[in-house]
Amino acid sequence: MNIIKSLFVVLFLFTSVFATTGSAASKNLTVHLINVGQGDSIYIKTPTGDDILIDAGYKDGSDTVIYLKKQKVKDIEMMISTHPDFDHVGGLDEVLKAYKVKSVYAPKVQHTTQAFKDFLLAVKREGVKIKTAQKGVRLPLKGVIAVFVAPVKSYAKSELNNWSAVLRLEYGKKSFLFTGDAELASETDMMKSKQKLQATVLKVGHHGAKTSTSASFLRAVKPQYAVISVGKNSYGHPTSTVVNRLKSAKVTTYRTDKDGNILFTTDGTKMTVKKVK
Ligand SMILES: [Zn+2]
């Protein structure tokens, strides 16, 4: 009797250990900063398998769609348009044509460009209503905490960059801050609002322009890694001011124009970074 009982205990222990390690192996959060030239496009896969896309570059969206297909993405649970500028919103309509998208988040600001009109039309065709991205809005996701920390308030229509939806994503001890093109005014408002801004990885604001990533904002975020999403451009992005500021703060910085697609993988404790073709 005792032998059978012990056998059961051993069998039970074996199965539970196996089950734990088996599931732990797939419980990674991956964040891909896709090289779309001058613009932003970020793909996130949560530990429970939800697919999130932030922006899709300036072109027809083909870079993003090709990349997502390579990653075997089947549908997109959440799409975030940080702000209506063409180098962010430009490719989202093509992604909406290629994929079933369950929900779309965007800040409450309009723009008159064709790129933005195409985006609105594609969202309408998809049959979804845009949810407002603003400070305090939490994405309904399991296993991670994803909260918009900006826009904190309304800005003038001419200040499109400051309207950028800024998402802070947390998984265990690791975190990310995706800033869109938020500039100094938004950075100051985020800091004043006393929200948690600290992040392991900072997606540098506005392609490394000197109107973003102030010294005090960098101190508040305290990143270990930074990524500048940038391509050939006539704006002088990224500026040496920001590049040097990151360097002197000892932040390991990647650039999509030099490093290609950047992939972060974390189990909530460890973080690895890889450059992927
Ligand atoms: Zn931009």
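Every number for a ligand or one of its atoms is a count from 1 in the order of the listing. Values below: every heavy atom of this structure, side chains too, minus hydrogens, waters and symmetry copies.
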> How far apart are the closest heavy atoms of I52 and I80, and which atoms are they?
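Shortest heavy-atom separation between I52 and I80 comes out as CG2-CD1, 4.0 Å.
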
> Could you tell me whether the Zn ion (ligand 1) has an N, O or S atom of D85 under 2.8 Å away?
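No N, O or S atom of D85 is closer than 2.8 Å to the Zn ion (ligand 1), so no.
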
> Classify the angle between the aromatic ring planes of F116 and F119 as parallel (below 30°), tilted (30 to 60°) or perpendicular (above 60°).
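Tilted.
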
> For the backbone of K270 and the side chain of D267, can you confirm whether one donor and one acceptor N or O come within less than 3.5 Å of each other?
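Checking the backbone N and O of K270 against the side chain of D267, a donor-acceptor pair under 3.5 Å is found.
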
> Any N/O/S atom of H88 sitting less than 2.8 Å from the Zn ion (ligand 1), backbone or side chain?
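Checking the Zn ion (ligand 1) against H88, an N, O or S atom does fall under 2.8 Å.
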
> Tell me, which N, O or S atom in H207 is closest to the Zn ion (ligand 1)?
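Minimum-distance N/O/S atom of H207 relative to the Zn ion (ligand 1) is NE2.
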
> So, R168 and E170, do they make that salt bridge, N to O below 4.0 Å?
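So R168 pairs with E170 through a salt bridge.
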
> For the Zn ion (ligand 1), what is the closest N, O or S atom on D87?
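Looking only at N, O and S atoms of D87, the one nearest the Zn ion (ligand 1) is named OD2.
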
> Given H83, which of H88, H206, H111 fulfils the ring pair (Phe, Tyr, Trp, His ring centres under 6.0 Å) condition?
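That would be H88; it is the only one of H88, H206, H111 passing the ring pair (Phe, Tyr, Trp, His ring centres under 6.0 Å) with H83.
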
> Using only N, O or S atoms, tell me which atom of D181 is closest to the Zn ion (ligand 1).
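Going through the N, O and S atoms of D181 one by one, OD2 ends up nearest to the Zn ion (ligand 1).
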
